[in-house]
Amino acid sequence: MLDALIPWYTTHARDLPWRAEDRTPWGVLVSEIMLQQTPVARVEPVWHAWVRRWPEPADLAKEEPGEAIRAWGRLGYPRRALRLHGAARAIVDEHDGRVPSSYEELIELPGIGDYTAAAVASFAFGHRHPVLDTNVRRVLARAVSGRRYPPNATTAAERRLAEELLPYDDAPTWSVAIMELGALVCTARAPRCRDCPLTETCAWRLAGSPEHDGPPRRGQAWAGTDRQVRGRLMAVLRDADGPVGKERLDAVWADGVQRERALDGLVADGLVEPLAQGYYRLPSGPA
DNA sequence: AAGGCGTGGCT
DNA sequence: TAGCCAAGCCT
């Protein structure tokens, strides 16, 4: 089933740098972390700058964590930068500076969960692991299960299906192909079924493209949340050369209770380092 | 296991 | 316009 995926991929794949012939495991790992919840177009320039500046895990491991956060720029979810820095240090300390190749070792690294461990093991090392990201889940929901969207949380049935479908011959190419189809054609909001190589056998199409049934899909509040305040605080610290006085942080949000809560949260998360005299900076410390 | 966690483009 | 959405992870 889904035999048309790889032929479609060979003619429609985007030319992305972390897929190039000369890709490195470190470059693949960096790309996968950056791509967590962040679109390709925003990742690409930051990825180039990152791997040029830190070509090996050891290069990043020597830096302060704050430098990683600053280089992360506006990709969002800056905890990922902190965890990537932590992963680089763990790779140096525990793996002789080389990105480990096994799923079991990869998933032990900070910021690497099931998806990213499977993706790096597959795309950097050619191993066979089901790569179950949001694109794959959506394509399988439609093409196989006849539903517009997959369940909110990944189910055992989805894992079983992904494992059953994954070929033993060149699993990584199959995985990147189904991901690419989800990203370019079988998109969430307005799928381009006319351009889809699976359209004639797609269970969702054959069922008449029914609307989503099941519990509503969870949205993410933004305006007025602590996340918005945290984002503003981090922007000030990122754009500053050195320590920042409290009064400059106080200027980003009027509600003092919420502002303090957000700042405390950033400190607790290790994203901000408090200094004496009411000054703050991006973290210099070990973690 | 449900919710927190950034950012910006697209419809 | 205001949501919706983007290669998730962690607790």
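The model shown is predicted, which means the values in this text are computed figures rather than measured ones. Residue numbers start from 1 in every chain, and the chains themselves are labelled A, B, ... in the order their sequence lines are given, proteins ahead of strands. All values below come from the heavy atoms of this structure, side chains included, with hydrogens, waters and symmetry mates left out.
- Here Arg128(A) pairs with Glu163(A) in a salt bridge; the nearest charged N to carboxylate O distance falls below 4.0 Å.
- Nearest nucleotide to the side chain of Gln36(A), out of dG6(B), dC5(B), dC9(C): dC9(C).
- On a pure distance criterion of 3.5 Å, a polar donor-acceptor pair joins the side chain of Arg227(A) and the base of dG6(B).
- For Arg217(A), a side-chain nitrogen or oxygen approaches OP1 or OP2 of dC5(C) to under 4.0 Å.
- In this structure, Asp114(A) atom CG and dC9(C) atom P are separated by 7 Å, rounded to whole Å.
- Salt-bridge annotation for Glu44(A) and Arg14(A): absent, with no side-chain N of the basic residue lying under 4.0 Å from a carboxylate O of the acidic one.
- A continuous path of ILVMFWY side-chain contacts below 4.5 Å connects Met179(A) to Leu161(A), so both sit in one hydrophobic cluster.
- We find that CD of Glu44(A) is positioned 14 Å from C1' of dA7(C), with the value rounded to whole Å.
- On the P atoms, dG3(B) is 23 Å away from dA7(C), given to the nearest whole Å.
- Between the CH2 atom of Trp174(A) and the P atom of dA7(C) there is a distance of 16 Å, rounded to whole Å.
- Contact check, Gln37(A) against dG8(C): a side-chain N or O comes under 4.0 Å of OP1 or OP2.
- Residues Tyr279(A) and Val272(A) do not share a hydrophobic cluster, clusters being chains of Ile/Leu/Val/Met/Phe/Trp/Tyr side chains in contact below 4.5 Å.
- Hydrophobic clustering, with ILVMFWY side chains joined whenever heavy atoms are under 4.5 angstrom apart, groups Val144(A) together with Ile6(A).
- Stretches of at least 3 consecutive Watson-Crick or G-U wobble pairs, with each checked distance under 3.5 Å, appear in DNA chain C as B:2-5 with C:8-11, B:7-11 with C:2-6.
- Defined by atom type and a distance below 3.5 Å, a donor-acceptor pair is missing between the side-chain atoms of Ser31(A) and Arg23(A).
- Remark: C1' of dC5(C) and CG of Leu35(A) are 15 Å apart, rounded to the nearest angstrom.
- Trp18(A) comes within 4.0 angstrom of a base, heavy atoms only.
- Two residues are said to be in side-chain contact when any heavy atoms from C-beta on lie closer than 4.5 Å; Val136(A) and Ser175(A) fail this criterion.
- With C1' as the reference atom, dA1(B) and dC10(C) are 12 Å apart, rounded to whole Å.
- Residue Phe123(A) is classed as having no contact, given no heavy-atom separation below 4.0 Å to the nucleic acid.
- Within 4.0 Å (heavy atoms only), Gly231(A) reaches sugar-phosphate atoms of the nucleic acid but no base atom.
- Within the nucleic acid shown, Ile112(A) comes within 4.0 Å of sugar-phosphate atoms alone, with no base atom in reach, counting heavy atoms only.
- Leu140(A) has its side chain within reach of Ile178(A): a pair of non-hydrogen atoms, C-beta onward, lies under 4.5 Å apart.
- Using a 4.0 Å heavy-atom cutoff across all strands shown, Arg138(A) reaches sugar-phosphate atoms only and no base atom.
- Against the 90° criterion about 0, the sugar-base torsion of dA6(C) places it in the anti range.
- Using a 4.0 Å heavy-atom criterion, one finds that Arg14(A) contacts the bases of the nucleic acid, with or without backbone contacts as well.
- Across all strands, Thr38(A) comes closer than 4.0 Å to base atoms (heavy-atom distances).
- Within 4.0 Å of Ala188(A), counting heavy atoms only, lie sugar-phosphate atoms of the nucleic acid but no base atom.
- In this structure, CH2 of Trp222(A) is placed 18 Å from P of dA6(C), rounded to the nearest angstrom.
- Taking the P atoms as reference points, dG8(B) lies 23 Å from dC9(C), given to the whole Å.
- If you check every strand for non-hydrogen atoms under 4.0 Å, Leu84(A) touches nothing.
- Taking atom CZ of residue Arg79(A) and atom C1' of nucleotide dG4(B), one finds them 7 Å apart after rounding to whole Å.
- At a threshold of 4.5 Å between non-hydrogen side-chain atoms, the residues Trp50(A) and Trp26(A) count as touching.
- For Arg80(A) and dT7(B), the shortest distance from a side-chain N or O to OP1 or OP2 is not below 4.0 Å.
- Atom pair Tyr77(A):OH and dG8(C):C1' shows a separation of 9 Å (rounding to whole Å applied).
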Is there any protein nitrogen or oxygen under 3.5 Å from a nitrogen or oxygen in nucleotides 8-11 of chain B, and what are the pairs?
residue: dG8(B); atom: OP1; partner: Arg74(A); partner atom: NE; Å: 2.4
residue: dG8(B); atom: OP2; partner: Arg74(A); partner atom: NH2; Å: 3.1

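- Counting to the nearest Å, the C1' atom of dG4(B) and the CG atom of Asp264(A) are 16 Å from each other.
- Using a 4.0 Å heavy-atom cutoff across all strands shown, Gln220(A) reaches at least one base atom of the nucleic acid.
- If you check dA7(C), dT7(B), dC5(B) against the side chain of Arg238(A), the one that comes closest is dT7(B).
- Toward the 5′ end of DNA chain B lies the nearest nucleotide of Arg83(A), the other residue of the pair Arg83(A) and Arg232(A) mapping further downstream.
- Note on Val28(A) and Tyr103(A): separate hydrophobic clusters, where clusters join Ile, Leu, Val, Met, Phe, Trp and Tyr whose side-chain heavy atoms are under 4.5 Å apart, directly or indirectly.
- Between Thr116(A) and the phosphate of dC9(C), there is a side-chain N or O to OP1/OP2 separation shorter than 4.0 Å.
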Could you please spell out the steps behind the salt bridge (charged side-chain N to carboxylate O under 4.0 Å, His left out) verdict for Asp250(A) and Lys246(A)? CA-CA 6 Å; Asp250(A) 287 347; Lys246(A) 186 72 164 30; 3.0 Å; yes
For salt bridge (charged side-chain N to carboxylate O under 4.0 Å, His left out), just list the numbers for Arg70(A) and Glu67(A), CA-CA rounded to whole Å, side-chain angles, deciding distance to a tenth of an Å, and then say yes or no. CA-CA 5 Å; Arg70(A) 186 169 277 114; Glu67(A) 276 306 293; 3.2 Å; yes
